[in-house]
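Notes to accompany the following structure.
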Amino acid sequence: MSMLKKYTQARISLGHAGTSIPLKSELAFKLAHAHARDAVHSEIDIETLTSTLQKFQLPVLTVSSAANSRQEYLQRPDLGRIPSENSSQQLAEFTAPNDISIVVADGLSATAINRNLIALLDELLPLLKHLRLSPITLVRQGRVAIADHVASILESKIALILIGERPGLTATDSIGAYLTFNPRPGLTDESRNCVSNIRPGGLSFSEAAAKIFYLISEANRLQLSGVMLKDNDNRSGDVISNISDQP
């Protein structure tokens, strides 16, 4: 079993101390659990991200979901899926037909967004240079489905949300990318495609960008997304055709 440890970050072959696991492993588990809890309650760094995003020369909007606090966001997933009334009005001022809306949300790990968003966009945005992009929209207390509302208001053909995934005990900084063709309120999970585990220790930023671009290209070509859009790309990666709205 110990030889398998080099192939996985999972907690295997921990050894034992009597009938218990060794103290070092026990403490490492508790530390990982604490990091996961911290990630869930972390806050998206709007000021730093807005400043850094200027290098991409795209407008940046900051909006919020209908959840008024982190506690309400965690207890009421439905509120995280819709924009607040003020946010909807703000988005309406930027309405113009475009090819894709890039939405960024804290999800269940703002840590993932704070650490890894810019590196991912460095790889992704050059691939999208021939598409008409709406403003990049940063969302506080957002879940996956809020991208459908945002992109619908902005009159986008495709919604792409980059969101902090639920942290585990081996990773607290994973970004998930969810794509929807013809986004609109009321769509459910089978309408979306997902590229997950985007982080330095998982799917690399370059691989993730290439996979996302492939799905965007296929969605445009076939005019669909979700379970009807099959991933026939041969690149390696952690890709799921449709996934429950975990964040």
Side-chain angles (χ1 to χ4, degrees), residues 1-49 52 64-65 67-81 103-121 138-146 161-178 189 194-208 236-240 242-247:
M1 182 68 74
S2 60
M3 65 178 293
L4 298 178
K5 293 185 70 173
K6 64 181 180 180
Y7 298 110
T8 178
Q9 293 180 313
R11 286 176 166 77
I12 62 173
S13 188
L14 298 178
H16 62 88
T19 58
S20 303
I21 64 173
L23 178 60
K24 182 178 180 180
S25 297
E26 174 72 13
L27 294 176
F29 177 87
K30 291 183 177 180
L31 179 61
H33 186 262
H35 285 321
R37 288 178 59 89
D38 287 345
V40 168
H41 292 279
S42 60
E43 295 185 3
I44 190 169
D45 189 348
I46 295 292
E47 183 176 351
T48 299
L49 289 176
T52 309
S64 301
S65 74
N68 293 316
S69 67
R70 196 63 178 172
Q71 182 176 2
E72 187 173 46
Y73 170 83
L74 294 172
Q75 294 176 339
R76 290 285 305 276
D78 56 313
L79 296 180
R81 298 184 181 119
V103 181
V104 177
D106 42 14
L108 290 173
S109 176
T111 298
I113 298 300
N114 295 337
R115 289 181 183 174
N116 298 325
L117 174 67
I118 301 303
L120 176 57
L121 291 179
L138 304 178
V139 183
R140 291 188 178 93
Q141 318 295 7
R143 294 183 182 264
V144 170
I146 200 168
I161 184 168
L162 307 175
I163 190 167
E165 293 185 311
R166 177 181 292 137
L169 294 176
T170 58
T172 61
D173 61 347
S174 291
I175 291 178
Y178 293 76
D189 297 327
C194 174
V195 180
S196 65
N197 195 32
I198 304 170
R199 61 186 179 92
L203 185 63
S204 71
F205 302 126
S206 59
E207 288 178 314
S236 62
D238 189 356
V239 179
I240 304 173
N242 98 80
I243 191 169
S244 62
D245 184 6
Q246 291 185 355

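The chain is numbered in sequence order, starting from 1.
- In the displayed structure, E43 atom CD is contacted under 6.0 Å by at most 12 heavy atoms of other residues, nucleotides or ligands.
- Using a 4.5 Å cut-off on side-chain heavy atoms (C-beta onward), D45 and I113 make no contact.
- For the pairing with D106, the salt bridge (Lys or Arg N to Asp or Glu O under 4.0 Å) check across R70, R143, R166 returns one residue only, R70.
- Remark: the backbone N or O of T172 is paired with a side-chain donor or acceptor of S109 at under 3.5 angstrom.
- Two residues are said to be in side-chain contact when any heavy atoms from C-beta on lie closer than 4.5 Å; S65 and L79 fail this criterion.
- You'll find the side chain of L121 reaches within 4.5 Å of the side chain of L162, heavy atoms only.
- Judged by distance alone, the side chain of Y73 and the main-chain N or O of G142 form a donor-acceptor pair under 3.5 Å.
- Remark: side-chain polar atoms of E165 are paired, donor with acceptor, to backbone N or O of N197 under 3.5 angstrom.
- For S42 (side chain) and T111 (main-chain N/O), a donor-acceptor pair under 3.5 Å exists by modelled atom type.
- Partners of R76 by side-chain hydrogen bond (donor to acceptor under 3.5 Å, both in side chains), not counting sequence neighbours, listed by chain and number: D78.
- Here the closest non-hydrogen pair linking E72 and S69 is N-OG, 3.1 Å.
- With sequence neighbours left out, the side-chain hydrogen bond (donor to acceptor under 3.5 Å, both in side chains) criterion links S206 to S204.
- With sequence neighbours excluded, no residue forms a side-chain hydrogen bond (donor to acceptor under 3.5 Å, both in side chains) with N114.
- In this structure, the side chain of D173 does not engage the main chain of R199 through any donor-acceptor pair within 3.5 Å.
- Of the inter-residue distances, the one linking I163 atom CD1 with S196 atom OG reads 13.0 Å to the nearest 0.5 angstrom.
- Judged purely by atom type and a 3.5 angstrom limit, S64 has no side-chain atom pairing as donor or acceptor with the backbone of R140.
- How far CZ of F205 is from CD1 of I118: 10.5 Å, rounded to the nearest 0.5 Å.
- Between N116 and I198, the closest side-chain pair of non-hydrogen atoms is not below 4.5 Å.
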task: Check step by step if side-chain contact (heavy atoms from CB on, under 4.5 Å) holds for L74 and L108.
output: CA-CA 9 Å; L74 294 172; L108 290 173; 3.7 Å; yes
